Amino acid sequence: MSGGAGDEYRPTYFDRNGPEAAAHWKIASFLLIPTVGGALVGITYFAHQGYSTGGVLAGGLVGGLLGGAGSALLVISVSENMGAIFRAFVQPDHSPHQQQYSYEDALVMRGDVEGALASYERIILESPNDAVPRLRAADLCAKSKLRERAETLFRAVQRLPRVSPKDDIYASNRLVDLYLAWPGNETKGLRELRRLVDTYPETDVAERARAGLVNLKGQLGVTD
């Protein structure tokens, strides 16, 4: 249905503020009680002090403003702190890695794999106990069929003094993939799977590694 100029749609508050509009309304409704309560306290106090009607109303206004403002600051502070804690839990801040590795990713996108690997090597020298640059470099080497270097880097991750189980397991699984695509080294994947069984006994990791052992032995024709 067509309409004239007077029927032109006007953006609402929710249109202008998007999802934040709902949060604003929730905060406003939450602040209603402390604002009214602060106003009543102000009115009561100024009335007991013997102020005139104007003074009592002014006291109510001041009390309402103080009650609302104080509650608003509390809500905003708690909300921001809880949000930061939640984000840190579900998505740890790896911004330095992400920012730093974006350069290497850009080199790979341009086809400069050698330049990206050289950059990773510099980062590895600067961060001797960091698994992430080693894993990224190892993955890139594996994709580029630089298998010896990939193997060395994955092994280096496993030998780090404080390597996390997540990185250690990833390195072993990627070594299995590497060996399966490396003619003459396929049976080394069995060693990696056994390592996972021994390192993480009584876990889902060990259970999956045992299943992988059975499957890989069948593929390779190994009976022992």
Side-chain angles (χ1 to χ4, degrees), residues 80-213 215-217 219-220 222:
E80 289 182 349
N81 288 334
M82 290 303 295
I85 292 172
F86 180 76
R87 287 192 299 273
F89 178 75
V90 300
Q91 186 178 2
D93 183 13
H94 295 309
S95 53
H97 286 160
Q98 293 172 352
Q99 181 179 3
Q100 191 174 45
Y101 298 150
S102 62
Y103 170 71
E104 287 72 31
D105 291 338
L107 290 177
V108 174
M109 291 294 291
R110 293 202 297 266
D112 188 4
V113 173
E114 183 178 350
L117 288 175
S119 182
Y120 279 129
E121 295 291 352
R122 288 192 295 270
I123 297 172
I124 290 171
L125 289 176
E126 296 169 359
S127 308
N129 295 318
D130 193 350
V132 178
R134 288 170 171 79
L135 290 174
R136 290 180 67 97
D139 280 333
L140 183 55
C141 286
K143 292 177 182 177
S144 303
K145 296 186 178 181
L146 302 173
R147 297 182 177 114
E148 290 84 359
R149 183 54 181 160
E151 179 184 33
T152 299
L153 288 167
F154 283 129
R155 292 284 180 213
V157 170
Q158 294 175 334
R159 291 194 294 269
L160 289 176
R162 291 182 296 275
V163 62
S164 70
K166 177 182 177 181
D167 291 335
D168 181 52
I169 294 168
Y170 181 84
S172 280
N173 284 328
R174 293 295 288 120
L175 277 169
V176 173
D177 294 337
L178 178 70
Y179 292 138
L180 288 177
W182 191 352
N185 291 270
E186 295 87 352
T187 56
K188 290 184 179 180
L190 298 173
R191 180 181 62 189
E192 284 306 308
L193 291 171
R194 293 191 185 99
R195 176 184 178 277
L196 289 175
V197 173
D198 294 338
T199 306
Y200 303 97
E202 308 301 327
T203 66
D204 291 341
V205 173
E207 184 177 347
R208 289 192 295 270
R210 290 191 188 95
L213 272 170
N215 182 52
L216 186 54
K217 284 181 179 179
Q219 292 182 34
L220 299 178
V222 177

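What you see is a predicted model, and the numbers here were worked out from it, not measured in a lab.
Applying the salt bridge (charged side-chain N to carboxylate O under 4.0 Å, His left out) criterion to Asp112, with sequence neighbours excluded, gives no partner residue. Annotation: side-chain contact (heavy atoms from CB on, under 4.5 Å) contacts of Arg149 (sequence neighbours excluded): Glu121, Cys141, Thr152, Leu153. Legend: residues meeting salt bridge (charged side-chain N to carboxylate O under 4.0 Å, His left out) with Arg155, ordered by chain and number and at least two apart, are Glu192. Every residue two or more places apart in sequence or in another chain was checked for a side chain to side chain donor-acceptor pair (under 3.5 Å) with Thr199, and none qualifies. Applying the salt bridge (charged side-chain N to carboxylate O under 4.0 Å, His left out) test to Arg195 and every residue at least two apart in sequence or in another chain returns Asp168. In this view, Asp204 and Glu207, Arg208 satisfy the side-chain contact (heavy atoms from CB on, under 4.5 Å) rule, not counting sequence neighbours. Judged as a side-chain contact (heavy atoms from CB on, under 4.5 Å), and not counting sequence neighbours, the contacts of Lys188 are Glu151, Tyr179, Asn185, Arg191. Residues that satisfy the salt bridge (charged side-chain N to carboxylate O under 4.0 Å, His left out) test with Arg136, not counting sequence neighbours, are Asp105. For Leu160, the side-chain contact (heavy atoms from CB on, under 4.5 Å) partners at least two apart in sequence or on another chain are Ala131, Arg134, Val163. Take Phe154 and apply the ring pair (Phe, Tyr, Trp, His ring centres under 6.0 Å) test, not counting sequence neighbours, and it matches no residue.
For the pair Leu175/Leu178, a side-chain contact is recorded, criterion being any heavy-atom separation below 4.5 Å from C-beta on. Leu216 has its side chain within reach of Leu180: a pair of non-hydrogen atoms, C-beta onward, lies under 4.5 Å apart. A 4.5 Å side-chain heavy-atom check between Leu135 and Arg174 finds every atom pair outside the cut-off.
Across Leu117 and Ala137, no two heavy atoms sit closer than the pair CD2-O, 3.8 Å. Minimum heavy-atom separation, Val176 to Gly189: CG2-O, 3.8 Å. Residues Ala206 and Val197 come closest through the heavy atom pair O-CG2, 3.8 Å. Residues Ala116 and Leu140 approach most closely at CB-CD2, 3.9 Å, considering heavy atoms. Across all non-hydrogen atoms, the minimal contact from Glu186 to Pro183 is OE2-CA, 3.4 Å.
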Review point. Where do Asn173 and Leu196 land on the side-chain contact (heavy atoms from CB on, under 4.5 Å) test, with the steps shown first?
Key: CA-CA 9 Å; Asn173 284 328; Leu196 289 175; 3.7 Å; yes

Practice item. Just do the side-chain contact (heavy atoms from CB on, under 4.5 Å) check on Arg194 and Leu190 with the steps written out, would you? Key: CA-CA 6 Å; Arg194 293 191 185 99; Leu190 298 173; 3.6 Å; yes

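Between the side chain of Arg147 and the main chain of Ala181, a donor-acceptor pair closer than 3.5 Å is present. Judged by distance alone, the side chain of Thr203 and the main-chain N or O of Val205 form a donor-acceptor pair under 3.5 Å.
Within the model, atoms CE of Met109 and CG of Leu107 stand 11.5 Å from one another, a figure rounded to the nearest 0.5 Å. Taken from OG in Ser172 to CG in Asp177, the straight-line distance is 11.0 Å, to the nearest 0.5 Å.
Surrounding CD of Glu202 are at most 12 heavy atoms belonging to other residues, nucleotides or ligands under 6.0 Å away.
Sorted by first and then second residue, the pairs that involve residues 111-141 and meet ring pair (Phe, Tyr, Trp, His ring centres under 6.0 Å), not counting sequence neighbours, are Tyr101-Tyr120.
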